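One structure below.
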Number of protein chains: 2
Amino acid sequence: MRKTNTTLLTPVSNLSMTDRVENSLRQYFEDNKFKPGDPLPNEMDMATQLNVSRNVVREALSRLRMLGMVEARPRRGMVMAQPDLLAGIEKVLNPMILSKDNLKDIFEMRLILEMGVSEFLFARKTKAQVQELEEIVARQQNNEALTIEEEVAFHGKLYEMAGNDTFARFQNLLIPVFNHVFSERFRMHVEIPDPVTHHDLIEVLKNGTADDFRKAMYKHLSPYYHTSNISQVQAK
Amino acid sequence: MRKTNTTLLTPVSNLSMTDRVENSLRQYFEDNKFKPGDPLPNEMDMATQLNVSRNVVREALSRLRMLGMVEARPRRGMVMAQPDLLAGIEKVLNPMILSKDNLKDIFEMRLILEMGVSEFLFARKTKAQVQELEEIVARQQNNEALTIEEEVAFHGKLYEMAGNDTFARFQNLLIPVFNHVFSERFRMHVEIPDPVTHHDLIEVLKNGTADDFRKAMYKHLSPYYHTSNISQVQAK
DNA sequence: TATTTTTATTTGTAGGACAAATATAATAGC
DNA sequence: GCTATTATATTTGTCCTACAAATAAAAATA
């Protein structure tokens, strides 16, 4: 018998069946303390249990698979898996579809993270890594203005040195959006000379403290902070 | 005629058809510069275009709907939408299924963000907000140790004052995981007296600089930094 | 021209089918 | 009884058809 929408499952809310099944499944996994590797019920059982078609269950599971939360081993069943923290945001960081507000937020998030990581950077940096960083800068000494690739190489290395993979990956995801926002805002402007160069930063990294480094980084990033209407507001 | 897996679309990679259609669609939207509000082709056209069943297209679209990237208006077609930056990570922050590494990363990310936001906080805080913050603290003056809710109220207000919704929402998502990690690590420990209280922080917020505030915040968070094996490593 | 009626479109949901590979059970051989 | 082979069952991935319901578009009517 066809299940019309006149049953108890009538969408009283705006949510589709798929939305609700997705929520139900996550709740079910949490309530029953499913851990990575644990086998899950098969799709048909889920469907009958939740009183929906297998189609709806599969659409919900498709989402959870995308997040890395469940893993389907074809013809052997599904298991719980360790989700990929950034899988979702990674797919969505497209400057063309993000709102002005979101772009602003991302722009600032990069600055916030860059300023906040100093303690971890200093706690974990190794001599070998600092030397690798120096080699990256040495390769850049030739040119005048740095390309985006060179900026990414330098800052990316710093992220790596902080010893937090999620932080590093997150920052690397933000950078393209960051650059897009900056170039949009400065369409008509001339380029601002860098008050603190990458070479200067390395000196502080070698001989200074975490706090010294942050202050230097702030100056290095000051052109971007100015773009955020930060200094102006701060001044008044 | 049934499409067996002996066609050109044979999964030479590990990706399922749904995975590949999801990628194709995102690529298609990007290449054709789809912007929020733009109408999308209907499901059947997508399916025939990509040479897959409508089912597969719907499983891929289900993912993009979850991310807020596309919006389906039942019986009127689909439109591009502005994705929710944190929709993905929000569903995945379950301490029970996250790896030790991810939990560590999240724990540290909160500290990093808390330390990095000082400039924006000082640039945007208003007198009214500071007063609201004082009221929050006043309500807490009674007790000895602060509850998690009181901590969240105070720090959440600070996030709000920084004027970056994504940052604020992100931090609020991290906090429960942060607390979980901390309580796990300190199962056997006594509670560490807070060297810098919320009241102290407000004083710096009112009379100090962004940098003063960060230093005070560092001390306020020092019990957590110690947990990160930061100070030990830093000392050697 | 304005209003009503009919038709077409489109998503959401249900349900059936089957290929292919794996895991399990059953059978055969020794 | 034990091992090796064969048969069966299970399960995901994919395809297909169907249709309710609401909207938009077209046609018919006043």
Side-chain angles (χ1 to χ4, degrees), chain A residues 1-25 37-81, chain B residues 1-25 37-81:
Chain A
M1 185 186 300
R2 181 164 302 282
K3 189 187 295 93
T4 71
N5 270 345
T6 56
T7 69
L8 281 176
L9 289 174
T10 299
V12 103
S13 59
N14 283 344
L15 300 179
S16 67
M17 287 293 188
T18 301
D19 292 330
R20 296 201 279 165
V21 168
E22 182 216 318
N23 293 335
S24 296
L25 289 180
D38 290 351
L40 304 182
N42 67 48
E43 295 172 349
M44 208 50 215
D45 285 355
M46 290 179 176
T48 48
Q49 193 78 23
L50 295 168
N51 204 26
V52 295
S53 73
R54 191 178 153 221
N55 258 341
V56 167
V57 170
R58 278 190 60 84
E59 286 187 16
L61 285 170
S62 178
R63 300 173 175 185
L64 303 186
R65 274 200 299 273
M66 183 189 64
L67 299 178
M69 203 171 181
V70 314
E71 197 176 307
R73 299 165 307 173
R75 296 151 207 107
R76 285 187 297 157
M78 294 178 289
V79 293
M80 205 71 189
Chain B
M1 184 186 301
R2 180 164 303 281
K3 189 186 298 96
T4 70
N5 268 345
T6 57
T7 70
L8 282 176
L9 289 175
T10 300
V12 104
S13 57
N14 282 344
L15 301 179
S16 68
M17 286 291 188
T18 300
D19 291 330
R20 296 202 279 164
V21 168
E22 182 216 318
N23 292 336
S24 296
L25 289 180
D38 290 350
L40 304 182
N42 67 47
E43 295 172 349
M44 209 48 216
D45 285 354
M46 290 179 177
T48 49
Q49 192 78 23
L50 295 167
N51 205 26
V52 294
S53 74
R54 190 176 155 222
N55 253 340
V56 168
V57 170
R58 278 189 61 83
E59 287 187 17
L61 286 170
S62 178
R63 298 175 176 185
L64 303 186
R65 274 200 297 275
M66 183 188 65
L67 300 176
M69 202 171 183
V70 314
E71 197 177 308
R73 300 166 307 173
R75 297 147 207 111
R76 287 188 295 158
M78 294 178 288
V79 293
M80 206 70 191

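Sequence lines set the chain letters: A, B, ... in the order given, protein chains first and strands last, and positions in each chain run from 1. Values below: all heavy atoms of this structure, side chains included; hydrogens, waters and symmetry mates excluded. What you see is a predicted model, and the numbers here were worked out from it, not measured in a lab.
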Looking at residues 54-64 of chain B, who's got a heavy atom less than 4.0 Å off DNA chain D?
B:R54, B:N55, B:V56
Nearest-Å distance, CD (A:E71) to C1' (D:dT12)?
13 Å
Compute the angle between the rotation axes at the two ends of the helix from C:dT1-D:dA30 to C:dC30-D:dG1, each taken over five pairs, rounded to 10 degrees.
30°
Rounded to whole angstrom units, what separation is found between the CZ atom of B:R20 and the P atom of D:dG13?
14 Å
Do the side-chain N or O atoms of B:R65 get closer than 4.0 angstrom to the phosphate oxygens (OP1, OP2) of C:dG12?
yes
Just the rounded figure in Å: distance from C1' of C:dT11 to CZ of B:R75.
6 Å
Taking OP1 and OP2 of C:dT13, is either one under 4.0 Å from a side-chain nitrogen or oxygen of A:T18?
yes
For A:A81 and A:G68, which heavy atoms make the closest approach, and how far apart are they?
CB-O, 3.3 Å
How many angstroms lie between atom OG1 of B:T18 and atom CG of B:N23, to the nearest 0.5 angstrom?
11.0 Å
Less than 4.5 Å apart, side chain to side chain, heavy atoms only: is that true for A:L40 and A:V79?
no
Atom pair distance, as rounded to whole Å: CG in B:L15 and C1' in D:dT14:
16 Å
Atom-to-atom span, CE of A:M78 to C1' of D:dT11 - whole angstrom:
9 Å
side-chain N/O A:S53 vs C:dA14 OP1/OP2, d < 4.0 Å
yes
Of the listed nucleotides (C:dT13, C:dT11, C:dA14), which one gets closest to any side-chain atom of A:V52?
C:dA14
Does B:E59 come within less than 4.0 Å of A:R65, counting only side-chain N to carboxylate O?
yes
In whole angstroms, how far is the C1' atom of C:dA8 from the CZ atom of B:R76?
17 Å
Do A:E71 and A:M78 come within less than 4.5 Å of each other through their side chains, counting heavy atoms only?
no
Would B:R58 and B:E43 pass as an ion pair if we require N to O under 4.0 Å?
yes
Provide, to the nearest angstrom, the distance between the CG atom belonging to A:L40 and the C1' atom belonging to D:dT10.
16 Å
Nearest heavy-atom approach of B:P74 to B:A72 is CD-O, 3.3 Å
Any salt bridge between B:D19 and B:R63, counting N to O under 4.0 Å?
yes
Quick one: does B:M46's side chain get under 4.5 Å of B:L61's, heavy atoms only?
yes
Scan A:M44 against the nucleic acid and name what it touches under 4.0 Å (heavy atoms): base, sugar-phosphate only, or nothing.
nothing
Protein-nucleotide distance (A:R73, atom CZ; C:dT22, atom C1'), rounded to Å:
10 Å
